[in-house]
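Inspection log for the structure reproduced underneath, given as structure tokens.
Residues: numbered from 1 along the sequence shown.
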Amino acid sequence: ISPFEHPRASLPRNMIENSMFEEEPDVVDLAKDSTTFPVCLYEVAYEPRSSRLLVRGLGENDMDDEEEDCESSARLLGMSFMNRSSANRSNSSPYTRQSPPRSCSRPSTRNMVVCVLFLVIVASMAMVLYFLPGCTFTKTDNNTPLEPVYPLSTNGEMFPWAQYQLPHSIRPLSYDLTLNPDLNSMTFTGRTVINMSVLHNTKRIVLHGTDLNITKATFKDRNVTVLEYKPNEQLAIKFSEELKAGQYCVLTLDYSANLSHTYGGFYNSSYYDKDGNKSVLAATQFEPLSARKAFPCFDEPSFKATFLIKISRKPDYMTLSNMPKAKSTPLTNGLMLDEFEKTSVNMSTYLVAFIVANFIPINRTVSNTLVSVYSVPEKKEHTEYALETASKLLEFYNQFFEIDYPLKKLDLVAIPDFLAGAMENWGLITFRETSLLVGKQSSSLEKQVVAYIIAHELAHQWFGNLVTMSWWNDLWLNEGFATYMEYMSLQAVLPELDIGNLFLTTRFRALDKDALNSSHPLSTEVNTREQVEEMFDVISYQKGASILLMLNASLPGDQQFRKGIIQYLKQFSGLNTDTSDLWNSLTQVCVPYCVFVIFIEYLSLFLLCQMVSFCMCVFSATLKLPESVKWLKLNYRNTGFYIVHYEDEGWAALTEALSSNISVLTHEDRASLIHNIFALSRLERVSFRQVLNLLNYMSNETETAPVTEALLQLKNIYRLLDKRQEQELVARMESYILNIFGSLMSKQTWEEEKNVSKQELRSTLLEMACSLNQENCTQKARSLFKHYAEPAGTFRIPGDLQQVVFNVAAQSDEDWMTLLNMYANATYDSEKRKILQGLASSQNAQILKEALKGDIIPTQELPLIISTVSNGFTGYLFAWDFIQQNWFRLIEKFSVGSFAIQTIIKSATSQFSTQTHLDQVQRFFSSLKEHGSQMRSVQEALETIKLNQRWMNRNLPNLQKWL
């Protein structure tokens, strides 16, 4: 699902295992404070061979390249990523090499006793917590152990299961689904026939169902009673006699339900054509945990089965599902019954999909697969780019993975009302219209968006569909890989889209998120619906992709990583996996691996890595370099997922180097330095004066990545000052930004531009210039809008400049109304979304207040609107008030913990920096209790406000001197 590129170093594994992932809140110079960690000292020697930094442990035997232990660094590092500290791993781990006894101190007896006592307490608490979530306890006597009390079902009878995950005593083999949607009453009826195998003796069958009215249930041709436990969305059938292992059986369930009015399950939707005629449709969105809203099922990724699907419809409608249509049969009630071929692969339930609508396709055959793109009839002309892109990517993936796409067809469907960017249903990928449809005159930047979403979803046909994570805790195996492959594939297939800058920015944002204590490991425990929803975040997607890039960049040769993932896909084809399975596959391509740290003579250098969790890892050593070497830049092109702190002298040397010659570093490395120093300033590792010193070189910068990163960081500070009403400092910041970037802003053109990177650069610069009310920028934008609004409607604004033009137009009340009328009549989806965002950028308080209360905002766009309104001074308090007053309506539409809710919370609170706002946010979310108080995104919001507050309190007194 879509929500929304050196040098190498190696350390002995015992250093990595024993100190690299320890949870330490502060940066520590190990050379200066040897009491902080029980670590060994290491000598670092510069090795020109292979451009690597080889760190050797004193007292250990050095190894030649041929003798290096092939204990897979990928496996080692990967396993470390998944654990917060070495304390989480068994002492018998085969990945840990013991340090030489004489090198490190041994813990005292007293410390060992304390540790043992601590472990006993932790174990005792763990046992209590293990039982608490699912049950209370029965009475006990001296001879009777504790027994769980099962919860009560809706009819008052005991429900035979208390855990969130289903028991594994029953395995579904196949589903026969019949669905009868009524698009007039917005209801549907269904019949689900499940063929099952009994794996272990059991007296119960437990499966999922949500908001389904079970009208009849039969098992072995006998009627049975179905129990329901709503908190866990589970159904159950109890038996007086055990079902025996090895037995095969059939469960048939008839039911009725309403088509969902949210975006999960089998939901209804509608749209208007250009003549104002309304059309209705029904579509599905099952990830995560929503197949259970459409049919009773074992709705967990590990319960794979085959599916035979039949759907009834009116004659003037069409239906789609995962497989090609096998036949259509007229029914006596005037409807048609479409039957689809039985799936040729075993699928998880969240990948099942079906649609009832009036769409039309264009198609072509690629490698024996019929590729089709569907849309509403009047937007058929906008589907050609998607078909061309999908066809190229399908051929690429077939070749790259050395496994052909296994189904006969691949449909890509643009749905007018769809919350996620896209969903990877096997053979029937669903998209927002803005994620799939582009016009012939669309800018390359708009095509880039469509291309990377298609690339992401097609990658899922292998990573996620063919090989699926066993449980949602390892969601990154799906989403991290799909995110990584979207960038890698487009670099190969459509290099003109220049995807590299986007991937670089993605890695920066992942580092920002992971720097928070409220972050989480890639693989983490998941035991509630809310926790499952929250796994769809920056960590699973962007951090997962960043870690994979780092692994690939660290393996020698171009093909080692590819060989590892091909091994993974072939070994586990059709199966479910966890993270250890991936590392084991990468182990088989076996290459030593390490990254990490340095002291240059007397210039201490720290590596701050947020690999997986909350720990900040710090490594230090001494690097002996020739006297002629004055500085060293680590993390070439930012392929490693970590931040480097060079300390004062190191930063000064890099600052001087860039001021003297901007070309000494690649544009990726310059952007990396900018990101790193802002991040370190936020963590109070460097002063903001040092940040400004580095930025002095920016007046000579013309590359997209460094400019956009610097402007993003400065804009964040500008907005904090603006929300604090520090008007004098706001004015100084405006002058500072214009002093550095003014010349580059004035050089930007307003005509059509083909180069993607140049489009990205100028749109960023001009949006900033116009937001700072630069007259030459705002005048040009108003002039373009005037021509655009002329009745003839023939004038076109370049796609990459539309947003800046619409934002400027929205500041005039008259032009705002013109924009509103344009929005109502626009048919091109990308343009329509930009108009909507422009409308939300108004600084007229009354307009914003009415807009948030009105019905012009499509529900699926509400997160975008709240984000846009929150950016401005006029609207940010309106947005926060709106969220508080409408919270329960919001979580009715968007599930608690969902990406949409995460976005809404972050947008509304990320620019707060006062104690008053901190108290407000804490008080509001605490009052929600089970309706959102425990969300990770709430903890992130509180932590962000505290960081903002601390940064402002520290830097406000000095900003007047520095700016």
Side-chain angles (χ1 to χ4, degrees), residues 172-181 188 190-196 250 252 266 281-287 291 294-298 303-315 317-331 335-374 387 390-391 394 397-398 403-413 423-430 457-458 460-462 464-468 573-575:
L173 301 175
S174 66
Y175 293 80
D176 188 331
L177 306 179
T178 303
L179 296 135
N180 306 293
F188 70 100
R191 166 172 285 190
T192 297
V193 181
I194 311 175
N195 289 277
M196 301 174 289
V250 179
T252 302
F266 194 16
L281 61 91
T284 57
Q285 171 61 41
F286 289 164
E287 185 179 50
F295 59 96
C297 56
F298 295 78
F303 289 104
K304 290 190 172 186
T306 59
F307 294 82
L308 191 154
I309 298 173
K310 298 185 279 281
I311 307 174
S312 64
R313 60 173 172 86
K314 291 182 178 179
Y317 275 79
M318 49 81 72
T319 61
L320 294 170
S321 189
N322 304 83
M323 296 295 288
K325 188 183 298 182
K327 62 181 180 180
S328 294
T329 305
L331 300 176
L335 300 178
M336 302 292 293
L337 183 67
D338 292 337
E339 181 175 331
F340 297 87
E341 295 178 14
K342 185 177 182 179
T343 59
S344 56
V345 289
N346 285 319
M347 300 195 313
S348 302
T349 48
Y350 77 88
L351 296 172
V352 175
F354 32 86
I355 297 171
V356 182
N358 186 18
F359 296 156
I360 59 174
I362 64 171
N363 49 55
R364 70 172 61 161
T365 299
V366 179
S367 301
N368 299 317
T369 299
L370 180 65
V371 181
S372 304
V373 179
Y374 286 83
L387 180 61
S391 298
L394 182 61
Y397 285 140
N398 280 340
I403 301 172
D404 286 345
Y405 174 75
L407 304 186
K408 295 179 182 179
K409 74 171 181 75
L410 177 62
D411 296 338
L412 294 81
V413 185
M423 175 60 207
E424 66 267 20
N425 316 300
W426 216 343
L428 182 61
I429 308 176
T430 47
E457 303 309 325
L458 261 64
H460 269 311
Q461 307 303 298
W462 286 264
N465 299 10
L466 188 65
V467 179
T468 313
S573 177
L575 304 176

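Nearest heavy atom pair, residue R313 against residue V356, reads CB-CG1, 4.4 Å. When all heavy atoms are compared, the tightest approach of N398 to S367 is ND2-CB, 3.7 Å. Closest of all the heavy-atom pairs between A390 and L412 is CB-CD2, 3.9 Å. Counting all heavy atoms, side chain and backbone alike, I311 lies closest to L320 at CD1-O, 4.4 Å. S312 and P181 get closest at one heavy-atom pair: O-CD, 3.5 Å. Of all heavy-atom pairs between P361 and S372, the closest is CB-CB, 4.4 Å.
The closest side-chain heavy-atom distance from Y175 to V352 is not below 4.5 Å.
Separation of the F266 and F295 ring centroids does not fall under the 6.0 Å cut-off.
With sequence neighbours excluded, the residues that form a side chain to side chain contact (heavy atoms under 4.5 Å, CB included) with E341 are M323, P324, A326, K408. Scored by the side-chain hydrogen bond (donor to acceptor under 3.5 Å, both in side chains) test, Y350 finds N478 as partners (sequence neighbours excluded).
Between the side chain of W426 and the backbone N or O of V345 there is no donor-acceptor pair closer than 3.5 Å. Of the possible polar contacts, none joining the E287 side chain to the L351 backbone as a donor-acceptor pair under 3.5 Å is found. Using modelled atom types, one side-chain atom of S321 and one backbone atom of A353 make a donor-acceptor pair closer than 3.5 Å. Checked by atom type and distance alone, the side chain of D338 never pairs as donor or acceptor with a backbone atom of M318 at under 3.5 Å.
Judged purely by distance below 3.5 Å, without hydrogens or angles, the side chains of T343 and N322 never pair a donor atom with an acceptor atom.
If you run side-chain hydrogen bond (donor to acceptor under 3.5 Å, both in side chains) between S174 and each of N195, T306, N346, only N195 comes through.
The pair K310-D176 counts as a salt bridge, with a side-chain nitrogen and a carboxylate oxygen less than 4.0 angstrom apart.
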